[in-house]
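We name chains A, B, ... by the order of the sequence lines, and we start the count at 1 in each one.
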Amino acid sequence: MQYWLMKSEEDVYSIQDLEREGSTCWEGVRNYEARNIMRDGMKEGDLVLFYHSNADPPGVAGTARVVREAYPDHFAFDRKSNYFDPKSDPDNPRWLMVDVGWVETFPEKVSLARLREEDSLQEMALFTRKRLSVQPVEKDEFNRVVEMGRGG
DNA sequence: GCCAACGTTGGC
DNA sequence: GCCAACGTTGGC
């Protein structure tokens, strides 16, 4: 079992949207490192910190679970999609996505400011790899953030 | 809306 | 293969 953090712009897709829908495909990742993490790292059942970016405040809003492993992101082939990429060939797809299912919405979002104050979380990729939208999280880090999210 | 960080592109 | 220009992310 491994742990991950995935960022979504709050006004594009939030944990509340995921809670309502139950599960969703995580389309639109257009960064090779993030893609490789989904392709090579994410396994069904892995747990995910769901992070709201471009939010006030930004922070971890809940958790999710990988329910389908990496498969082609067909939005890259859709000319009308914001995620269209003319360089992705349907016969050799450049971009992948996973499906995630809702697990938990925290009573209160764990803000970036609170994460930053937490000594045990200083090594999180959230801080060391600021712009990566899909990133690995250590088990202890995951558990600590969940604890904080539940009010701990 | 600004802008720092940083990944990507493309000329050479 | 270098690196400047460019584009995007994402906090503030």
Side-chain angles (χ1 to χ4, degrees), chain A residues 2-21 24-42 46-66 70-100 102-138 140-142 144-152:
Chain A
Q2 295 185 88
Y3 301 88
W4 313 97
L5 180 147
M6 299 176 91
K7 298 179 185 173
S8 181
E9 293 184 44
E10 185 171 53
D11 59 353
V12 174
Y13 198 87
S14 69
I15 189 81
Q16 287 77 20
D17 293 322
L18 183 61
E19 180 168 2
R20 195 173 54 249
E21 294 180 9
T24 191
C25 58
W26 204 269
E27 79 278 14
V29 172
R30 297 291 178 269
N31 169 280
Y32 290 106
E33 189 173 358
R35 179 204 64 185
N36 294 348
I37 288 170
M38 290 196 296
R39 183 188 62 198
D40 305 331
M42 290 184 141
D46 286 355
L47 291 170
V48 176
L49 295 174
F50 193 118
Y51 182 90
H52 285 177
S53 61
N54 282 321
D56 185 21
V60 177
T63 58
R65 179 190 309 279
V66 177
Y71 63 103
D73 179 347
H74 59 80
F75 291 86
F77 314 135
D78 179 358
R79 211 165 268 289
K80 293 187 293 258
S81 169
N82 288 336
Y83 302 124
F84 176 64
D85 180 355
K87 284 176 279 189
S88 186
D89 174 1
D91 292 328
N92 184 19
R94 177 177 299 210
W95 302 115
L96 303 172
M97 57 187 174
V98 296
D99 288 356
V100 302
W102 178 80
V103 173
E104 177 177 11
T105 300
F106 293 151
E108 192 173 350
K109 187 193 288 175
V110 183
S111 70
L112 180 62
R114 285 190 64 210
L115 295 170
R116 197 179 272 137
E117 288 169 359
E118 190 72 16
D119 287 344
S120 61
L121 301 178
Q122 294 310 300
E123 300 306 314
M124 283 185 77
L126 191 61
F127 302 120
T128 60
R129 301 295 322 281
K130 290 199 314 183
R131 290 182 46 188
L132 194 58
S133 65
V134 177
Q135 49 183 258
V137 172
E138 296 299 322
D140 290 347
E141 295 169 341
F142 182 91
R144 181 65 191 125
V145 174
V146 168
E147 211 170 65
M148 293 167 78
R150 291 174 179 164

With a 6.0 Å cut-off on the ring centroids, do A:Trp95 and A:Tyr71 count as close?
no

Check this for me: does any side-chain nitrogen of one of A:Glu147 and A:Arg144 sit under 4.0 Å from a carboxylate oxygen of the other?
yes

Closest nucleotide of DNA chain C for A:Arg131 versus for A:Ala55: which of these residues is on the 5' side?
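Its nucleotide being nearer the 5' end, the pick is A:Arg131.
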
Are a donor atom and an acceptor atom from the side chains of A:Tyr13 and A:Glu21 found within less than 3.5 Å of each other?
yes

Evaluate the ring planes of A:Phe75 and A:Tyr83, with Trp represented by its six-membered ring, and classify them as parallel (under 30°), tilted (30 to 60°) or perpendicular (over 60°).
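Because their plane-to-plane angle is over 60°, the rings of A:Phe75 and A:Tyr83 count as perpendicular.
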
Go through DNA chain C in 5' to 3' direction and return only the first and the last nucleotide with some atom under 4.0 Å of chain A's heavy atoms.
C:dG7 to C:dC12

Identify the two heavy atoms, one from A:Pro136 and one from A:Ile37, that lie closest to each other, and give their separation to 0.1 Å.
CD-CD1, 4.0 Å

Using a heavy-atom cut-off of 4.0 Å across all strands, would you classify A:Asn31 as base, sugar-phosphate, or nothing?
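Answer is sugar-phosphate: A:Asn31 comes under 4.0 Å of backbone atoms only.
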
